[in-house]
Amino acid sequence: MTARRRTAILISGRGSNMRSLVEAARAPDFPAEVALVASNRPDAPGLTIAKQAGIATAAVDHKIYAGREEFEASLQKLLDIHRIDLICLAGFMRMLTAGFVERWGGRMINIHPALLPAYRGLNTHERALADGVKIHGCTVHFVVAGMDEGPIIAQAAVPVHDDDNAETLAARVLEEEHRLYPQALCILASGDYTVDGNRVRSKLPGMLAPSCRIGARD
Ligand code: GAR
């Protein structure tokens, strides 16, 4: 087997998606290993979860830096020290500069709680409910300079129920996020995909390595 890609997960809070990636990457044939979990918020509960899982953690507190460039320079140093190949943004609520994004082009992915290109930005569940959509979901995509833009690697849809509120809908979407993100990281880390404009072509979930198929639907 080729070397597993050394992956950093960047978080800002709870870290439930980070946890699902860590759990998936425990399988020896998963093509990525989680080498670092870093947060821009030192008090992020996700850091404690990662520590307990025996993963290297770091806090890079954005508030102590003069600006975004200085914050990112410090983050980049950390990524270099840990010889990181890939980055997963998992509830990382900090805009990254075009320079940082370009440097990690094709090697950094994000999970967003909506079916992009619908509902970029914040409060996706509230806005979906206000619009009365019947289908909502989540997306994993390559990170590019525009917010919540970039070629889509994987999506999952959930129904919106008549009695949903933002919390119940968020919970249904989150369950799908936890299934989807490991699959998308698996696709990225295995290198088994092509990108043509905004279109990413990869194997169907059912064709992925067994460790990448947690809860996969073909
Ligand atoms: C997730 O729902 C993720 O999709 C969302 O934040 C939550 C983080 O939860 N990300 C964004 O809104 C990014 N624009 P988690 O910390 O439990 O993974």
Side-chain angles (χ1 to χ4, degrees), residues 1-42 44-62 64-65 68-112 140-145 150-151 153-154 177-178 180-193 195 200 202 209 211-212:
M1 194 180 113
T2 50
R4 305 169 79 207
R5 310 296 303 281
R6 292 178 62 80
T7 302
I9 306 176
L10 304 189
I11 63 169
S12 297
R14 180 176 57 180
S16 71
N17 276 291
M18 176 273 295
R19 189 206 294 255
S20 76
L21 292 170
V22 166
E23 278 169 11
R26 282 210 182 105
D29 63 331
F30 194 84
E33 65 175 298
V34 181
L36 174 70
V37 171
S39 172
N40 64 309
R41 293 191 177 276
L47 282 179
T48 311
I49 297 171
K51 253 182 231 152
Q52 281 165 357
I55 294 177
T57 60
V60 185
D61 185 351
H62 65 272
I64 69 168
Y65 295 94
R68 284 187 198 277
E69 270 89 9
E70 290 82 355
F71 162 70
E72 288 173 2
S74 188
L75 184 59
Q76 182 60 50
K77 259 190 212 144
L78 193 65
L79 298 168
D80 290 341
I81 288 167
H82 288 271
R83 292 173 289 111
I84 296 303
D85 301 311
L86 303 174
I87 298 177
C88 290
L89 305 182
F92 183 69
M93 305 311 249
R94 198 88 202 127
M95 283 297 286
L96 295 164
T97 64
F100 188 88
V101 168
E102 256 161 47
R103 180 172 195 160
W104 286 92
R107 296 184 296 144
M108 178 160 62
I109 61 178
N110 177 48
I111 188 154
H112 182 73
V140 180
H141 63 97
F142 283 104
V143 177
V144 298
I153 300 168
E177 292 185 40
H178 295 163
L180 194 70
Y181 213 174
Q183 280 180 26
L185 174 58
C186 184
I187 290 168
L188 175 69
S190 65
D192 225 346
Y193 63 90
V195 184
V200 179
S202 61
S211 65
C212 298

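Residue numbers start at 1 and run along the sequence shown.
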Asks: Of all the heavy-atom pairs spanning Leu79 and Ala8, show the shortest one and how long it is.
Replies: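 Between these two residues, the closest heavy atoms are CD2-CB, 3.7 Å.
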Asks: Do Pro42 and Leu47 come within less than 4.5 Å of each other through their side chains, counting heavy atoms only?
Replies: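 No, every pair of side-chain atoms sits at 4.5 Å or beyond.
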Asks: If you take all heavy atoms of Ala27 and Arg4, which pair is closest and at what distance?
Replies: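 Between these two residues, the closest heavy atoms are O-NH2, 3.3 Å.
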Asks: Check Val140 against Ala184 and note the closest heavy-atom contact, atom names and distance.
Replies: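 That would be CG1-CB, 3.5 Å.
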Asks: In a check of side-chain hydrogen bond (donor to acceptor under 3.5 Å, both in side chains) between Thr97 and each of Arg103, Glu72, Arg68, which one passes?
Replies: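 The option that passes is Glu72.
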Asks: Would a 4.5 Å heavy-atom cut-off, applied to side chains only, mark Ile153 and Ser202 as touching?
Replies: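 With C-beta onward as the side chain, the pair stays apart.
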Asks: What distance separates Thr57 OG1 from Ile11 CD1, expressed to the nearest 0.5 Å?
Replies: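 So the OG1 of Thr57 and the CD1 of Ile11 are separated by 9.0 Å.
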Asks: Side chains of Ile49 and Val22: does their closest heavy-atom pair fall under 4.5 Å?
Replies: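 Sidechains of Val22 and Ile49: no contact.
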Asks: Is the backbone N or O of Arg6 less than 3.5 Å from a side-chain atom of Arg83, with the two atoms forming a donor-acceptor pair by type?
Replies: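 Flag not set: sc Arg83 to bb Arg6 has no pair under 3.5 Å.
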Asks: Check step by step if side-chain contact (heavy atoms from CB on, under 4.5 Å) holds for Leu21 and Thr7.
Replies: CA-CA 10 Å; Leu21 292 170; Thr7 302; over 6 Å; no
Asks: With Phe71, which residues qualify under ring-ring contact (aromatic ring centres under 6.0 Å, His included), at least two apart?
Replies: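 Scan of Phe71 (ring-ring contact (aromatic ring centres under 6.0 Å, His included), adjacent residues dropped) gives none.
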Asks: Would you say Met108 and Val101 make side-chain contact, with heavy atoms under 4.5 Å?
Replies: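 Side chain of Met108 against side chain of Val101, heavy atoms only: contact under 4.5 Å found.
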Asks: Measuring from atom CE of Met18 to atom NE2 of His178, what distance do you get when rounded to the nearest 0.5 angstrom?
Replies: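 The CE atom of Met18 sits 10.0 Å away from the NE2 atom of His178.
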Asks: Between Ala25 and Val34, what is the shortest heavy-atom contact and its length?
Replies: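 Closest approach of Ala25 to Val34: CB-CG2, 4.0 Å.
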Asks: So, for Ile84 and Arg107, which heavy atoms are closest and what is the spacing to 0.1 Å?
Replies: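 Looking at all heavy atoms of both residues, the shortest contact is O-NH1, 4.4 Å.
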Asks: Nearest 0.5 angstrom please: Phe142 CZ to Leu188 CG, how far?
Replies: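 Reported to 0.5 Å precision, the distance equals 5.0 Å.
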Asks: State the CD1-OH distance between Ile9 and Tyr181, to the nearest 0.5 angstrom.
Replies: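 It comes to 8.0 Å.
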Asks: Closest heavy-atom contact between Ala35 and Ala56?
Replies: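 The pair with the smallest heavy-atom distance is O-CB, 3.6 Å.
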Asks: With rounding to the nearest 0.5 angstrom, report the CD to CZ distance, Glu23 to Phe30.
Replies: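 Glu23 CD to Phe30 CZ: 12.0 Å, rounded to 0.5 Å.
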Asks: Give, for atom CG of Leu10 and atom CG of Asn40, the distance between the pair rounded to the nearest 0.5 Å.
Replies: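 Here the interatomic distance stands at 8.5 Å.
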Asks: After noting the C-alpha distance and the side-chain angles of Phe100 and Leu75, does the key distance pass the side-chain contact (heavy atoms from CB on, under 4.5 Å) rule?
Replies: CA-CA 10 Å; Phe100 188 88; Leu75 184 59; 3.9 Å; yes
Asks: Taking the side chain as everything from C-beta on, heavy atoms only, tell me whether Leu86 gets closer than 4.5 Å to Leu185.
Replies: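 Yes, at least one pair of side-chain atoms sits under 4.5 Å.
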